[in-house]
Amino acid sequence: MPAEEKSLGQVRFLTVAEVALVMRVSKMTVYRLVHSGELTAVRVGKSFRVPEKAVHEYLRNAYFDAG
C-alpha cells in the first residue's frame, strides 16, 4: 500500500459548520471559499468535507499583520 493511502486514513475532515466555528465566520463564507478554490474540500454526496490541514494552511496564508 502506497504511503499516500496510509496517510489519507489519518486525515481529519471537518464539516462546513465546524470550519465556520474554527474560523469564526458564517457557513456561507466557508462555502464561498470552497467554491472559489481558496479552501480545499472534498465533496461527499451533497455536502463538503474540508481537511483540517487545509483550514490551518488557509489561515496561515491569509494572516495579515496590521501592526
Side-chain angles (χ1 to χ4, degrees):
M1 180 180 278
E4 290 177 358
E5 290 182 32
K6 288 181 185 176
S7 65
L8 190 59
Q10 298 171 349
V11 175
R12 181 158 184 254
F13 288 98
L14 304 174
T15 64
V16 168
E18 290 170 330
V19 174
L21 283 172
V22 169
M23 295 177 66
R24 300 203 182 245
V25 297
S26 70
K27 290 190 294 184
M28 186 55 63
T29 298
V30 177
Y31 282 117
R32 285 188 194 114
L33 292 170
V34 169
H35 287 291
S36 71
E38 292 181 69
L39 186 60
T40 304
V42 177
R43 187 157 200 150
V44 181
K46 293 183 178 182
S47 61
F48 290 99
R49 295 293 181 267
V50 180
E52 187 175 34
K53 184 177 179 180
V55 176
H56 294 296
E57 287 176 9
Y58 174 82
L59 291 173
R60 191 176 324 109
N61 293 333
Y63 180 74
F64 177 76
D65 188 3

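We're numbering straight along the sequence, starting at 1. Since we're looking at a predicted model, the values are computed, not measured.
Among all heavy-atom pairs drawn from A41 and P51, the shortest one is CA-CD, 4.3 Å. Residues V50 and T40 come closest through the heavy atom pair CG1-O, 3.3 Å. L14 and E18 make their closest contact through CA-OE1, 3.2 Å (heavy atoms, listed as atom of the first residue, atom of the second, distance).
Side chain of R60 to main chain of A62: no donor-acceptor pair is present (N/O by atom type, distance under 3.5 Å, no hydrogens or angles).
Crowding of R43 atom CZ: a count of heavy atoms from other residues, nucleotides or ligands under 6.0 Å exceeding 12.
Residues L21 and F13 do not share a hydrophobic cluster, defined by chaining ILVMFWY side chains whose heavy atoms lie under 4.5 Å apart.
Among residue pairs with one or both ends in residues 21-60, those qualifying as ring-ring contact (aromatic ring centres under 6.0 Å, His included) are H35-F48; sequence neighbours excluded.
Scanning for side-chain contact (heavy atoms from CB on, under 4.5 Å) contacts around V25 gives M23, T29, V30, with sequence neighbours left out.
When T15, V16, V19, V11 are each tested for a side chain to side chain contact (heavy atoms under 4.5 Å, CB included) with R49, only one passes: T15.
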